[in-house]
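To find a chain, count down the sequence lines: A is the first, B the second, and so on, and within it residues start at 1.
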4 protein chains.
Amino acid sequence: MAAPDPPPAPQRRGRPRSVAADRAILAATRAALVEVGWSRLTMSEIALRAGVAKTTLYRRWAAKSELVVDAVAVLFDELELPDRGCLRADVEGVVISFAALLRRPETKTALMAVLAESTTDRALRARIREAIVDRQKRLVLDGRSRAQQRGELPPDPPDPAETARVVDLIFDVIAGAVVHRSLVSDCPVDETWARQFATLLLEGLGAASTSARPQSEQAQPDTF
Amino acid sequence: MAAPDPPPAPQRRGRPRSVAADRAILAATRAALVEVGWSRLTMSEIALRAGVAKTTLYRRWAAKSELVVDAVAVLFDELELPDRGCLRADVEGVVISFAALLRRPETKTALMAVLAESTTDRALRARIREAIVDRQKRLVLDGRSRAQQRGELPPDPPDPAETARVVDLIFDVIAGAVVHRSLVSDCPVDETWARQFATLLLEGLGAASTSARPQSEQAQPDTF
Amino acid sequence: MAAPDPPPAPQRRGRPRSVAADRAILAATRAALVEVGWSRLTMSEIALRAGVAKTTLYRRWAAKSELVVDAVAVLFDELELPDRGCLRADVEGVVISFAALLRRPETKTALMAVLAESTTDRALRARIREAIVDRQKRLVLDGRSRAQQRGELPPDPPDPAETARVVDLIFDVIAGAVVHRSLVSDCPVDETWARQFATLLLEGLGAASTSARPQSEQAQPDTF
Amino acid sequence: MAAPDPPPAPQRRGRPRSVAADRAILAATRAALVEVGWSRLTMSEIALRAGVAKTTLYRRWAAKSELVVDAVAVLFDELELPDRGCLRADVEGVVISFAALLRRPETKTALMAVLAESTTDRALRARIREAIVDRQKRLVLDGRSRAQQRGELPPDPPDPAETARVVDLIFDVIAGAVVHRSLVSDCPVDETWARQFATLLLEGLGAASTSARPQSEQAQPDTF
DNA sequence: TCTTAATCGAGACGGTACGTCGGGTCTTCTG
DNA sequence: CAGAAGACCCGACGTACCGTCTCGATTAAGA
């Protein structure tokens, strides 16, 4: 995430780059994103807000999208997964807090924008995965191992590749569902939806298809 | 989907708008999207390809994003859900064909681009939902009613709002997972992944977490 | 001046052209010229003001410049040369009234605009001469024949071509000087200037170069 | 004449403006004027010919008309007044050479066009006077002082304002007559016309009205 | 202490696309 | 048939950003 383009020879000659400028630029990028959105976000505007020349931006980032990736990556790292006692509660918790993050204008705008750019830019795709996406798989790993310790989930299969496949699947399902609900369907991710989604995730389509509250709350304890 | 901006008084004065131009513009938009992608897609280029003046574009669509929504909406309507005999097969089928659609450059690039724009544009958000997203819920409705007829899923709950909630949930989960896997995680949606995802969807996390093939294939028959 | 483009077959079939439209268009053209000037004068605006469709304009005039020529030509015909008793007074009178005409925004703007257009348009040049310029030579002819009757000027030379050359020369000098003073030098054509100009015209450079008022008023009768 | 818009602080920050670009733009403007005339003269075309971006044009000149004023101003500076021995010959000479200048397509087309624009633009009017018109008064001043040294004209009156009025008058008469003859009446300014005009200017209407050649040639030496 | 070299700010540069405007033509329905 | 309405193609407009470049002015580290 952190370091911009090349973390170069540990000490070059000449005037060193200003670290204050780096911070100012990233903060200015976030602020500008909130106010004007991606499509009206310009390098000149960022430079102006950061009190920095355009040259300084381009010396550090090759493109607007890379700058934005770095600027918002740190926000995603704020996600946490406190232990709520059972797998269902942990799922609901992460869904709610991820949705809250996606409600912030700078995150939702930046995320979709860089993803859009990434559809035609392999390097950017990799950078996004490194700086944003893959870092959040820690949440799945944490929740899963906790649930295994509680006996809510079976232990890892012998093949580690198989484990990775499962983790990836769960991550895509949770993140995808929340993003789609929030940004595509444009509907609120509230506690009701989180509960229903957790039921689907834990028990499958049949359980989620029956009337929601009473059964699922009964079903919850005895599922595991 | 079809009609652009105002579907006005059924017979206005003056020269009527050319329907041929409409068709040519949408086709040219798709063709240009394939060749140059979203970021290099220009209104002038579209007009040139369509054999149409730029003014004609702006008379019908207020922005490039709205034009692209209409241009690609029709592609999503090509999705079908042939009856494969059981719910699991239907799920796997729709996942595979949706992923195939998302591999086409004009769809993936256009979809993400307009979604990105839509994060700061309420009207565009509504247009996307109307023209693209909500129309595909038919796939969920079809598959669900088929599964109910087969006895694979319980009948609709008495409250129709509850049914709508469930349908929306399923749609967000399937569409979100496929989009996330394809465009964010940048991994292939192949038969293996589809099978694993279907297991998760039908039986929940516990089933999906155990080693994939044998158990799930055993589990499949006894679902119904 | 009078008729627009083709003074056609005295009675054609079908609906005859509206003469009211003609008048409305020319009036609208003059009004629009005053308000927005030539460069911002548009055919659409004229049509709108005249309550007429653009088609109707183009059916009658081939270009904006021709329309403007016709619209302002009538204004120049208002110039008159009342008999003020002597050649000097007649010259001063015509200078003053011509300058007054050139102060009106629609005349000065229109005249210079169509002249500018005419530098690259032979047909327009002819139309301007016919409709505006040559018609005003009557002023020179009148003043000259009056002065000849008074004995202030010698009679016409035997060769009529020679007479025409002299009339053209006088016309170019008077009209040119007033236009240049008004529109190029952008200085007022007041009584002082008119008197000085008349002295130059009647008596030549030497007389005009000496101090102005007293001498020239003495000099006037005896010419030296 | 020379400098474009703001002649600012003698050393500003940032990259200085390219003087080569200035020269290239003005030359390109003249060349384009010759080829396509004023009405088809576009900023893009000028920029293209000059090898310069459109932005560079707009950074220096607010409007096409101002650019053209600067571009053609230098051509008018080429006018000279060689000493031909007597006032009459000097007048005829300047008339002929001014008419030759007005026959060049770039000058006549540009001059009339910017004058037309200037009727509704006070600033442009001032710019034209500064850059083109007033600079040519030097010709009148030169010719007049030469004639005074020769004894062909009386010395300056005591009041300098009176001198200025006379110079302005003579300038308006000569320039106005030549422009009107050339561009409005659309007739050639040849030696015959020049001689006739000089007679009018030097001796007044009466002399010019009599049959031209013999008398005026006799009159020429003994007039002063 | 003096180079030396890379940074900084500012802003002009060549480009590309924008969205608008006006020109003139055409196609429709209404009088 | 003329007229109004207005859509059509065309091309220029002036603006906004892009990413690069040239300036003079800083700012360290190495000589």
Side-chain angles (χ1 to χ4, degrees), chain A residues 8 11-18 20-21 39-48 50-64, chain B residues 11-18 20-21 39-48 50-64, chain C residues 12-18 20-21 39-48 50-64, chain D residues 11-18 20-21 39-48 50-64:
Chain A
Q11 192 46 51
R12 318 218 292 301
R13 303 211 334 172
R15 178 173 172 175
R17 291 189 178 168
S18 158
S39 66
R40 271 176 296 274
L41 180 71
T42 70
M43 295 299 256
S44 310
E45 171 73 9
I46 295 174
L48 188 67
V52 143
K54 267 200 304 175
T55 337
T56 306
L57 264 64
Y58 285 107
R59 208 174 282 122
R60 291 163 158 81
W61 289 276
K64 193 169 67 167
Chain B
Q11 189 46 47
R12 320 211 298 302
R13 297 203 299 180
R15 178 174 173 174
R17 291 191 178 170
S18 158
S39 66
R40 270 180 297 272
L41 181 70
T42 71
M43 295 298 256
S44 311
E45 171 72 10
I46 295 174
L48 189 67
V52 142
K54 259 198 309 174
T55 8
T56 302
L57 265 63
Y58 287 108
R59 218 189 315 276
R60 291 164 158 78
W61 290 277
K64 194 168 67 168
Chain C
R12 318 217 293 302
R13 304 206 336 168
R15 176 171 170 179
R17 289 190 179 168
S18 157
S39 67
R40 271 175 297 274
L41 180 71
T42 70
M43 295 298 258
S44 310
E45 171 72 10
I46 295 173
L48 188 67
V52 142
K54 267 200 301 174
T55 336
T56 305
L57 264 63
Y58 285 108
R59 227 190 304 277
R60 288 164 159 81
W61 289 276
K64 193 168 67 167
Chain D
Q11 188 48 46
R12 321 213 297 302
R13 295 202 297 178
R15 177 172 173 175
R17 291 190 177 170
S18 159
S39 66
R40 272 181 296 272
L41 181 70
T42 71
M43 295 299 256
S44 311
E45 172 72 10
I46 295 173
L48 188 67
V52 142
K54 258 199 307 175
T55 349
T56 303
L57 265 63
Y58 287 108
R59 203 174 288 120
R60 290 165 159 79
W61 290 276
K64 194 168 65 169

- Do D/Lys64 side-chain atoms and D/Leu41 backbone N/O form a donor-acceptor pair below 3.5 Å? yes
In whole angstrom, give the distance that lies between atom [atom1] of [X] and atom [atom2] of [N].
X: A/Leu57; N: F/dC18; atom1: CG; atom2: P; value: 10 Å
X: C/Arg40; N: E/dG22; atom1: CZ; atom2: C1'; value: 14 Å
X: D/Ile46; N: E/dG14; atom1: CD1; atom2: P; value: 15 Å
X: D/Leu41; N: F/dG14; atom1: CG; atom2: P; value: 11 Å
X: A/Trp61; N: F/dG19; atom1: CH2; atom2: P; value: 14 Å

- Message: Contact between D/Glu45 and D/Arg40 at the side-chain level, heavy atoms closer than 4.5 Å - yes or no?
- Response: no
- Item | Residue closer to the 5' end of DNA chain F, D/Tyr58 versus A/Glu45 (nearest nucleotide) | D/Tyr58
If you compare all heavy atoms of [X] against all heavy atoms of [Y], which two are closest, and at what distance to 0.1 Å?
X: B/Met43; Y: B/Ala63; answer: CE-C, 4.5 Å
X: C/Arg60; Y: C/Ala21; answer: NH2-CB, 4.0 Å
X: A/Ala53; Y: A/Ala47; answer: C-CB, 4.1 Å

- Message: Under 4.0 Å, heavy atoms only, any strand: does C/Leu48 hit a base, just the sugar-phosphate, or nothing?
- Response: nothing
- Query: If you fit an axis to the five pairs at each end of the helix from E/dT3-F/dA29 to E/dG31-F/dC1, how big is the angle between those two axes, to 10 degrees?
  - Reply: 10°
- Task: Working to the nearest 0.5 Å, report the span between CD1 of A/Ile46 and OG1 of A/Thr56.
- Result: 13.0 Å
- Between NZ of C/Lys54 and OG1 of C/Thr42, what distance do you get to the nearest 0.5 Å?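 It comes to 8.5 Å.
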- Task: Encode nucleotides 5-11 of chain F as B, S and - characters from 5' to 3', where the letter depends on protein heavy atoms closer than 4.0 Å: B to the base, S only to sugar-phosphate, - to neither.
- Result: BBBBBB-
